[in-house]
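Treat the numbers as computed from the prediction; the structure is a model and nothing was measured. In each ligand, atom 1 is the first atom listed, and ligand 1 is the first ligand listed.
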Amino acid sequence: MDKPKVVLGVSGGIAAYKACELLRRFTESGHDVRVVPTASALHFVGAATWSALSGNPVATEVWDDVHEVPHVRIGQQADLVVVAPATADLLAKAAHGLAGDLLTNTLLTARCPVVFAPAMHTEMWEHPATQENVATLRRRGAVVVEPAVGRLTGVDTGKGRLPDPAEIFEVCRRVLARGSAAPDLEGRHVVVSAGGTREPLDPVRFLGNRSSGKQGYALARTAAARGARVTLVAANTGLPDPAGVDVVRVGTAVQLREAVLKAAADADAVVMAAAVADFRPAAYAAGKIKKKDGQEPAPIVLVRNPDVLAEISADRARPGQVIVGFAAETDDVLANGRAKLARKGCDLLVVNEVGERKTFGAEESEAVVLGADGSETPVPYGPKEDLADTVWDLVVRRLG
Ligand code: CTP
């Protein structure tokens with residue numbers, strides 16, 4: 001099979017050096033990458049670096065190798081174009097269809113999926129001109145990844161950082177896997193909860209569970225690659241932030257409820273992949289609980305936590321909002337799943353059978369997605385991202 005052809009556009013921002021890492025990830029995983037930097041990008045990273053790392057020639061203008069008509073061919077032959085970093089200037093040129101150099105020509109001739117990973121100062125990102133350009137590009141079907149928040153060039157911090165190259169790569173991998181499928185969550189806001197809550201007993205101990213957060217992160221990542229604005233409510237996960245995703249960190253079930261309700265207010269869909277503790281200790285000891293010689297430990301009294309999934313399903317923040325729950329079952333998986341779906345009042349319930357290799361901490365899983373309309377969608381054993389994409393397919397169908 002031919003290697004997938006990727007065009008890596010690089011525009012002139014300091015984050016250009018991070019595109020070297022992105023390029024390596026593509027080449028090491030069997031992609032044929034053609035780097036098309038702008039002339040300004042070469043102020044930051046030279047053509048020799050791009051050429052050596054990609055193993056392909058590098059040009060910025062349409063005047064090199066004119067007999068090969070590169071201004072048309074490179075875009076036409078690509079399976080994916082990703083621009084990282086995309087500066088405010090590049091986004092403006094792309095939105096307005098300017099074609100002054102090889103990269104902007106390539107963007108006009110490409111008929112494959114296009115991903116932009118912007119990086120700039122916060123003021124430039126927030127400027128209405130940039131925001132309108134981003135909206136235009138998204139409306140036309142491009143995936144524009146939200147910049148990350150953090151340290152910017154110089155002394156400033158804020159929104160505008162290029163997301164981690166490994167995470168941009170994950171977005172591109174998902175977009176490539178979907179081929180020419182349109183980013184069908186474009187314009188949608190989705191909320192995903194992930195991880196496992198911890199209910200503190202004292203300053204050093206908690207009641208927790210074994211959820212790793214991987215399924216929730218896969219849902220967030222795949223939704224971003226399908227064009228959604230994603231809020232990820234993450235409970236005690238040690239995973240890197242997915243590119244373009246707004247991450248809200250929480251600890252307990254009560255904090256998770258608050259964060260989910262807030263984010264769900266304007267959401268088109270909410271997916272509750274987090275393992276939320278059903279109970280919490282009735283009392284929190286402000287000092288560490290000490291053992292006492294000759295005495296048995298005091299029993300731990302538990303109280304019920306709010307059921308977030310049942311609450312948001314019963315009282316939808318918006319008409320037509322689609323709500324998805326998860327259930328891990330050991331016996332009578334489908335019957336228990338059906339009963340739980342009815343009890344919770346959600347639209348879809350992903351039922352996992354708990355077992356070795358499956359579910360907790362694993363990279364793969366197997367599930368059946370039950371619909372309130374009686375539908376049953378089996379998802380064979382495979383990457384958690386495949387299950388995530390099936391969930392989004394079912395959500396998209398319900399969003400209409
Ligand atoms: N959930 C929630 N709030 C809780 C508990 C669970 O929102 N307090 C959500 C989870 O995010 C998940 C689903 O509900 O989407 C799981 O349901 P749950 O009743 O917790 O399943 P089990 O713990 O398996 O229930 P049971 O012990 O009754 O089988």
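In terms of heavy atoms, Ala94 sits closest to Phe116 at CB-CZ, 4.0 Å.
Every protein residue with a heavy atom nearer than 4.0 Å to ligand 1 is included here: Met272, Ala274, Val276, Ala277, Asp278, Pro306, Asp307, Val308, Leu309, Gly325, Phe326, Ala328, Lys340, Arg343, Lys344.
The side chain to side chain donor-acceptor pair (under 3.5 Å) analysis of residues 52-72, with sequence neighbours excluded, yields the pairs Asp32-Asn56.
Residues Ser375 and Asp373 bring a donor and an acceptor atom of their side chains to less than 3.5 Å of each other. In this structure, a donor-acceptor pair under 3.5 Å is present between the side chains of Glu199 and Thr197.
Salt bridge Asp202/Lys288: absent, no basic N to carboxylate O contact under 4.0 Å.
Counting only distance, with no hydrogens or angles, the side chain of Asn105 and the backbone of Asp101 share a donor-acceptor pair below 3.5 Å.
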